[in-house]
Amino acid sequence: MEQERFDVWMMEYLSDTLDVDGKSEFERFLQDHPEYQEQFSEMQQTWDLVDVASIPEPSNTMDKRFFDVLHGEIEKTKESESSLPPWFSRIATVFWRPQMAYGVLLLVLGLNLGYFLNSDNPSEVVKKTVAGDTETEEVREQLVLTLLEQPSANKRLQGINEVTKIKEVDETVIKALLQTLNKDANVNVRLAAIESLTNYLDNPVVREGLVQSIVKQDSPIVQVTLASLMVALQEKKSIEPFKTLMQTQELDKSVKQKLETSIKSII
């Protein structure tokens with residue numbers, strides 16, 4: 001059997017798109033052809049590791065973002081569609097299924113069998129999938145945005161870490177980081193967002209977003225971190241938000257002293 005045909009057949013089996021007879025036929029083929037059994041075993045391990053990443057059901061916004069990007073890539077290939085081999089269309093048909101979309105997103109971002117099989121920690125898979133040479137900046141950004149919406153704090157931290165790998169961060173990613181800073185339930189994630197945003201302090205949107213974030217913080221360590229940052233920046237716009245924060249919240253005594261000292265340092 002041609003390798004390409006087997007690859008399509010294998011993906012159909014793993015994605016549960018074969019009927020009962022088709023599955024039985026595939027399993028019999030593997031029994032009769034041990035040379036393909038090894039390939040299937042390796043791919044099955046890869047498939048299982050994608051499941052370990054536990055990507056949850058995406059929100060409507062995430063779903064639209066992903067399919068917009070995927071649709072754009074498909075449109076780029078339509079002109080040369082007539083030159084594509086028949087098996088390519090079968091693969092596209094298998095991949096174009098909502099329940100597989102996010103698994104496919106991980107796979108196409110440079111994942112390969114050797115990487116998966118040599119990984120000691122499957123939870124690191126999502127973090128490292130952006131290493132592929134053929135990955136576009138746009139797809140990298142979509143991965144960041146997807147990770148930032150995950151229920152797992154570790155995944156969101158991974159998303160923030162991936163931002164540093166984007167050559168030119170656009171406004172969408174900046175806004176996502178600011179939203180994370182303002183609304184994330186995990187203090188460590190918010191602190192990581194601040195650290196990431198400090199790489200873009202020459203962007204007026206970032207500086208304004210950091211100032212506006214002051215009154216939205218209820219964690220003492222985040223409040224102190226922002227105060228230290230505003231002092232370092234000598235950001236006079238932060239004075240009023242700090243005063244508002246002290247008036248509207250019952251702050252820890254040491255935090256209040258820090259804010260008062262910061263205001264004096266900025267003035």
Side-chain angles (χ1 to χ4, degrees), residues 44-66 69 98-132 135-167 169-170 172-200 206 209-210 213 216-226 228-229:
Q44 190 170 41
Q45 290 183 51
T46 300
W47 200 265
D48 292 341
L49 283 174
V50 171
D51 288 339
V52 170
S54 64
I55 304 296
E57 286 298 318
S59 66
N60 291 335
T61 302
M62 288 169 58
D63 185 77
K64 183 178 184 302
R65 278 202 304 261
F66 174 73
V69 173
Q99 65 267 33
M100 293 179 61
Y102 290 90
V104 173
L105 175 61
L106 298 181
L107 289 174
V108 297
L109 293 181
L111 296 181
N112 55 73
L113 291 175
Y115 171 75
F116 273 111
L117 297 177
N118 291 327
S119 176
D120 293 327
N121 188 355
S123 67
E124 294 295 310
V125 169
V126 175
K127 179 179 178 181
K128 297 180 180 178
T129 55
V130 294
E135 173 188 76
T136 65
E137 285 289 284
E138 185 176 20
V139 174
R140 190 191 294 269
E141 289 177 359
Q142 300 313 310
L143 178 60
V144 167
L145 297 175
T146 299
L147 286 169
L148 287 178
E149 295 193 31
Q150 302 307 300
S152 166
N154 285 336
K155 293 292 188 298
R156 299 197 299 278
L157 286 170
Q158 289 173 11
I160 293 173
N161 181 64
E162 295 299 343
V163 175
T164 61
K165 301 178 183 180
I166 300 175
K167 294 179 181 179
V169 175
D170 67 10
T172 303
V173 174
I174 292 297
K175 287 183 177 180
L177 287 173
L178 288 172
Q179 183 176 16
T180 298
L181 170 59
N182 293 333
K183 297 184 178 181
D184 201 283
N186 187 284
V187 172
N188 289 331
V189 174
R190 277 184 274 163
L191 290 172
I194 294 175
E195 181 180 1
S196 181
L197 287 164
T198 58
N199 294 315
Y200 316 105
V206 172
L210 288 169
S213 178
K216 299 177 182 179
Q217 302 302 325
D218 56 7
S219 165
I221 189 171
V222 176
Q223 293 166 344
V224 169
T225 299
L226 284 173
S228 298
L229 178 58

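Considering OG1 of T180 and CD of E149, their distance stands at 8.5 Å, rounded to 0.5 Å. To the nearest 0.5 Å, atom CG of residue L143 and atom NZ of residue K165 are 9.0 Å apart. L191 contributes atom CG, which lies 5.0 Å from atom CD1 of I221 (distance to the nearest 0.5 angstrom).
A heavy-atom distance below 4.5 Å is not found between the side chains of Y200 and V173. Taking 4.5 Å as the limit, some side-chain heavy atom of E141 sits within range of a side-chain heavy atom of D170. Side-chain contact between Q142 and L145: present, with at least one pair of heavy atoms (C-beta onward) separated by less than 4.5 Å.
Each of L148, T146, L147 was evaluated against V144; a single residue qualifies, L148, per the side-chain contact (heavy atoms from CB on, under 4.5 Å) test. Partner of V206 under the side-chain contact (heavy atoms from CB on, under 4.5 Å) criterion, chosen from I174, N199, T198, L177: I174.
Among residues two or more places apart in sequence or in another chain, the side-chain hydrogen bond (donor to acceptor under 3.5 Å, both in side chains) test is passed with S228 by K258. Qualifying salt bridge (Lys or Arg N to Asp or Glu O under 4.0 Å) partners for D218, counting only residues two or more places apart in sequence or in other chains: R190. Under the side-chain hydrogen bond (donor to acceptor under 3.5 Å, both in side chains) criterion, K216 pairs with no residue at all, not counting sequence neighbours.
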For a quick test of your reading: what N or O donor-acceptor pairs under 3.5 Å do the side chains of residues 181-189 make, sequence neighbours left out?
unit_1	atom_1	unit_2	atom_2	d
N182	OD1	S213	OG	2.7
N182	ND2	L178	O	3.2
D184	OD1	R156	NH2	3.0
D184	OD1	N186	N	2.8
D184	OD2	R156	NE	2.5
N186	OD1	N188	N	2.8
N186	OD1	V189	N	3.1

